[in-house]
Amino acid sequence: MSRVRTRFAPSPTGRMHVGNLRTALYEYLIAKHADGSFVLRIEDTDQERFVPEALDIIYHTMELTGLVHDEGPDKDGGYGPYVQSERMKSGVYLDFAKQLVEKGEAYYCFCTKERLDSLRASDKTESGKEIAKYDKHCLHLSKEEIAANLAAGKPYVIRQNNPETGTTTFHDAIYGDITVDNEELDDMVLIKADGYPTYNFANVIDDHLMNITHVVRGNEYLSSAPKYNRLYEAFGWEIPEYVHCPIITDENHKKLSKRSGHSSVEDLLEQGFLPEAIVNFVALLGWSPSEDREIFSLEELVEAFDYHHISKSPAVFDITKAKWMNGEYIKAMDMERYLEYALPLIRKVVTKDYDLVKIAELVKTRIEVFPDIAEKIDFFDELPEYDADMYIHKKMKTNRENSLQVLRDMLPRLEELSEYSIPSIEALCKEYIAEHELKNGRVLWPLRTAVSGKQMTPGGAYEIMEILGKEESLLRIRKGIALLERED
RNA sequence: GGCUCCAUGGUCAAGUGGUUAAGACAUCGCCCUUUCACGGCGGUAACACGGGUUCAAAUCCCGUUGGAGUCACCA
């Protein structure tokens, strides 16, 4: 078996779809698992949709996710150029297309857009039996007519000449043999009027020229695959291993689209997902390891990946589970890197001079995605308006009266505290609790409520009081007393 | 509509003729606990349907139903 070579061949037309990322990932994993090469090829044959910034997105995303290519536009491996618009300059695609014309496997077509449109329109109205494919009109042009048209500078395309009888069988590593009637095969365009090759044609040519051994792509291309066989056969080329992956869908089981709000890697990044969590999650969409495990680093995926275990049925992109997984990564993150992500977000919400690192630590196990932080710590900057009823808690056995009592008792004691830290505050509270033989909650619930104005907070009374500092927490406790007295 | 593909809990999924049909997310409950989380323990919940083949079918075959994808000089 020859050395494994895979390729990721994105079109620079916008953001990086998660399906694209998964394709890239699988290509990368197949190559690395076999100690082979992973190449990046840019398929910019569509000048209409080309957007230069998309190139940056591609490089940036791949770098971020760790999918480093061995060859590509920026890394020559002897198979260049790696950008199709550059490859075209040598005339390769046209040359190969002409070879096909010689062999009778392709032909020039001078049909206008209008004729093609009317062809399709008439097909639709006809009882639905008719299929919308090209009618081979130009196949029957004489050599003289073709030469005349060419000489006259008439725009032309080159189309594949598919047989109208028999069947073609395409083999896929996941889906097995797929056989279609040749009657179904449209004479697809190989070379466009602007001279660029179509995606389908350029793919076959470049994969061959670059010695690609495994081609991973989405299931949406499955139906166009049989036509490739005819190309490979016409050229007498070895067919690479095709690996079609199941579609990634939204919660409605439709192909994941922009509408879902999380169809691209950039969407996910903006929503506070970690690159390694995205990679991990996407790897498991349509593939599962033999081991019963879900958290994998990229290196571990390389080790464990076996493309034969890719499944056939579509996978819903469950954003809830993705968030859970991201939360697992956040919890496992080392503090230094965690702070790089968390601190900037905390600064947006907490403008006062508190220990932001302590706040960040408090929140680490309580978020799934970074933007979750904001709503959890909004009470630090300013004590929210709250109701006296918030002191009532059945399980803590607190009510307004006994809460007021606790706050009144604790206030002077806290005032006298010289060193204001978790251990000293805790010791003080424990002392009071012991004196009065109370449950912890009886005194800690009122304190935490007074100091936060919220029923749910990250951390407890001690942590919050320490962060707020003596002055601010006492101020808040006095406010609590005032509130409870007013309600009396 | 034609063609192609797919079909195990709400979701991701293990399973390749004989299993009490794993596990994870979500959900519910309990424990831990000053709240919320974290962590621990447990519960609810699935082989789409109908025919075959077989001693034995979630697993193989056929059909039905359902879903998806695709039908461009886009990729």
Side-chain angles (χ1 to χ4, degrees), chain A residues 9-11 13 20 43 45-46 48-49 109 111 113 116-117 120 123-124 127-133 155-159 170 172 175 178-181 183-186 188-194 196-200 202-203 217-226 244 246-247 249 251 253-255 281 284-295 309 311-325 327 331 362-367 376 393 395-396 398 429 433 439-449 452 454-464:
Chain A
S11 294
T13 55
N20 257 187
E43 310 223 329
T45 56
D46 185 349
E48 300 263 312
R49 295 203 304 155
C109 172
C111 288
K113 189 108 168 52
L116 262 21
D117 285 344
R120 274 190 284 272
D123 279 341
K124 247 171 220 165
S127 73
K129 179 66 169 93
E130 213 62 34
I131 45 174
K133 50 176 250 195
Y156 69 93
V157 302
I158 295 179
R159 306 187 91 108
F170 165 82
D172 180 80
Y175 292 92
I178 293 167
T179 302
V180 295
D181 288 335
E183 190 193 359
E184 302 293 332
L185 268 27
D186 196 8
M188 66 172 176
V189 169
L190 269 19
I191 300 291
K192 302 190 259 187
D194 62 7
Y196 278 82
T198 56
Y199 161 84
N200 289 305
N203 242 285
R217 38 187 229 164
N219 175 301
E220 65 266 34
Y221 302 108
L222 199 54
S223 46
S224 62
H244 283 88
I247 295 260
T249 75
E251 32 292 323
H253 302 272
K254 299 272 165 49
K255 216 165 105 175
F281 184 72
L284 263 23
L285 245 32
W287 173 80
S288 64
S290 43
E291 205 182 343
D292 184 20
R293 172 154 82 109
E294 294 197 303
I295 304 296
H309 284 114
S311 69
K312 296 175 177 178
S313 40
V316 173
F317 188 102
D318 183 359
I319 192 75
T320 306
K321 184 157 184 176
K323 283 184 178 177
W324 163 78
M325 187 171 278
K331 275 179 262 173
L362 240 35
V363 107
K364 193 169 185 250
T365 59
R366 286 168 238 256
I367 56 170
K376 298 197 183 294
H393 192 289
K395 206 176 152 211
M396 301 298 132
T398 60
C429 291
I433 288 163
K439 296 269 281 181
N440 287 344
R442 255 295 308 281
V443 357
L444 268 10
W445 175 270
L447 278 173
R448 199 178 50 82
T449 303
S452 69
K454 293 185 93 176
Q455 287 186 305
M456 293 185 285
T457 59
Y462 306 143
E463 289 82 5
I464 296 169

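Here is how names work: the chains are called A, B, and so on, in the same order as the sequence lines, proteins then strands, and each is numbered from 1.
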Within the 4.0 Å heavy-atom criterion, would you say L116(A) contacts the bases, only the backbone, or no part of the nucleic acid? base
Give none if U44(B) has no partner; otherwise give the nucleotide forming a Watson-Crick or G-U wobble pair with it, both distances under 3.5 Å. none
Can you tell me the distance, in whole Å, between the CG atom of L222(A) and the P atom of C6(B)? 8 Å
Taking the side chain of A461(A) as its heavy atoms from C-beta onward, which of C25(B), C38(B), U34(B) lies nearest to it? U34(B)
Separation of K321(A) atom NZ from C12(B) atom C1', in whole Å? 5 Å
For the side chain of N200(A), starting at C-beta, report the closest nucleotide among C5(B), U70(B), A75(B). A75(B)
Using the C1' atoms only, state how far A14(B) lies from G9(B), rounded to an integer number of Å. 14 Å
Rounded to whole angstrom, note down the P distance from C6(B) over to U59(B). 15 Å
Before you tell me yes or no, could you show the steps for M456(A) and R366(A) under side-chain contact (heavy atoms from CB on, under 4.5 Å), namely the whole-Å CA-CA distance, both residues' side-chain angles and the distance that decides it to 0.1 Å? CA-CA 12 Å; M456(A) 293 185 285; R366(A) 286 168 238 256; over 6 Å; no
For K331(A), which contact category applies under a 4.0 Å heavy-atom criterion: base, sugar-phosphate, or nothing? sugar-phosphate
If I compare all heavy atoms of K192(A) with all of T45(A), which pair ends up nearest, and what's the gap? NZ-O, 3.0 Å
Would you sort out whether T249(A) and K254(A) count as a side-chain contact (heavy atoms from CB on, under 4.5 Å), showing the intermediate values? CA-CA 5 Å; T249(A) 75; K254(A) 299 272 165 49; 5.7 Å; no
Taking any heavy-atom pair under 4.0 Å as a contact, classify F281(A): base, sugar-phosphate, or nothing. nothing
Contact check, side chains of Y221(A) and N200(A), non-hydrogen atoms, under 4.5 Å: no
Please check if any side-chain donor atom of D46(A) sits under 3.5 Å from a side-chain acceptor atom of Y199(A), or the reverse. no
Starting at CG of D292(A) and ending at C1' of G15(B), how long is that distance when rounded to a whole Å? 12 Å
NA contact type, R293(A), heavy-atom cut-off 4.0 Å: base, sugar-phosphate, or nothing? nothing
How many Å lie between NZ on K255(A) and P on A75(B), as a whole number? 14 Å
Any idea which of U34(B), A37(B), U70(B) is nearest the Y462(A) side chain? U34(B)
Considering only side-chain heavy atoms of A193(A), which listed nucleotide, C73(B), G10(B), U34(B), is closest? C73(B)
Interatomic distance at C1', A58(B) relative to G50(B), whole Å: 16 Å
Need one value for K376(A): base, sugar-phosphate or nothing, where a base atom within 4.0 Å counts as base even if backbone is also close, heavy atoms only. nothing
Roughly how many Å apart are A45(B) and C28(B), using the C1' atom of each and rounding to a whole number? 11 Å
Whom does C74(B) pair with, Watson-Crick or G-U wobble, provided both distances fall under 3.5 Å? none
Start at the 5' end of RNA chain B and walk down; is the nucleotide closest to E294(A) or to F317(A) reached first? F317(A)
All heavy atoms of I295(A) vs all of R293(A), minimum pair found to be O-NH1, 3.1 Å
Under the 6.0 Å and 45° cation-pi test, does R448(A) pair with W445(A)? yes
Please determine if a side-chain N or O atom of K133(A) lies less than 4.0 Å away from the OP1 or OP2 oxygen of G2(B). no
Nearest-Å distance, CD1 (I247(A)) to C1' (G67(B))? 12 Å
D318(A) has a side chain; which of G10(B), A22(B), A26(B) sits nearest to it? G10(B)
In the structure shown, which nucleotide is the Watson-Crick or G-U wobble counterpart of U20(B), with both distances under 3.5 Å? none
What is the distance, rounded to the nearest whole Å, between atom CG of D172(A) and atom C1' of G69(B)? 14 Å
Scan every strand shown for a Watson-Crick or G-U wobble partner of A14(B), both distances under 3.5 Å, and answer none if you come up empty. none
In terms of heavy-atom contacts, D172(A) and H244(A) come closest through OD1-ND1, 2.6 Å
Tell me: CD of E48(A) to C1' of A75(B), nearest whole Å? 13 Å
Pick the C1' atom in G17(B) and in C55(B), then give their distance to the nearest Å. 11 Å
Both distances under 3.5 Å, Watson-Crick or G-U wobble: report the partner of A37(B), or none. none
Selection from U70(B), C73(B), A14(B) that lies nearest to any side-chain heavy atom of S288(A): A14(B)
Rounded distance in Å between the P positions of A56(B) and G42(B): 37 Å
Out of G69(B), C25(B), C38(B), minimum distance to the side chain of E220(A) belongs to G69(B)
Checking N1-N3 plus N6-O4 or O6-N4 for Watson-Crick, or N1-O2 and O6-N3 for wobble, each under 3.5 Å, the partner of A26(B) is none
By the 4.0 Å heavy-atom rule, please label V157(A) as base, sugar-phosphate, or nothing. base
Using the P atom as the reference point in each nucleotide, state the distance between U54(B) and U44(B) in Å, no decimals. 38 Å
Side chain of S311(A) only, please: which of C73(B), U70(B), A13(B) is the nearest? A13(B)
Heavy atoms under 4.0 Å, any strand shown: does Y221(A) hit a base, just sugar-phosphate, or nothing? base
Under 4.0 Å between any heavy atoms, over every strand shown, what does S224(A) touch: base, sugar-phosphate, or nothing? Just pick one. nothing
With a 3.5 Å limit on both atom pairs, tell me what A58(B) is paired to, counting Watson-Crick and G-U wobble, or say none. none
Base, sugar-phosphate, or nothing: which does T457(A) touch, judged by heavy atoms less than 4.0 Å apart? base
I want to verify a distance call: between G69(B), C6(B), A75(B), whose nearest atom is closest to the P314(A) side chain? C6(B)
When all nucleic acid strands are considered with a 4.0 Å heavy-atom cut-off, which category describes G459(A): base, sugar-phosphate, or nothing? base
Under 3.5 Å for both donor-acceptor distances, Watson-Crick or wobble: does U4(B) have a partner, and if so which one? A68(B)
Ignoring the backbone of Y199(A), work out which of G39(B), U35(B), A75(B) is nearest its side chain. A75(B)
Just checking E291(A): base, sugar-phosphate only, or nothing, at a heavy-atom cut-off of under 4.0 Å? nothing
Between P of G66(B) and NE2 of H253(A), the distance in whole Å: 16 Å
Result for 5'-nearest mapping on RNA chain B, choosing between V316(A) and W445(A), is V316(A)
Where is the tightest heavy-atom contact between E43(A) and N203(A), given as atom of each residue plus distance? OE1-ND2, 3.2 Å
Please find the pair of heavy atoms, one from T365(A) and one from K331(A), that lie closest to each other, and give the distance. CA-CG, 4.0 Å
Between G15(B) and A37(B) - C1' atom distance, rounded Å: 36 Å
Compare side-chain N and O positions of T45(A) against OP1 and OP2 of A75(B) and report whether any pair is under 4.0 Å apart. yes
Quick one: label K364(A) by what it contacts on the DNA or RNA (base, sugar-phosphate, nothing), any heavy atom closer than 4.0 Å. nothing
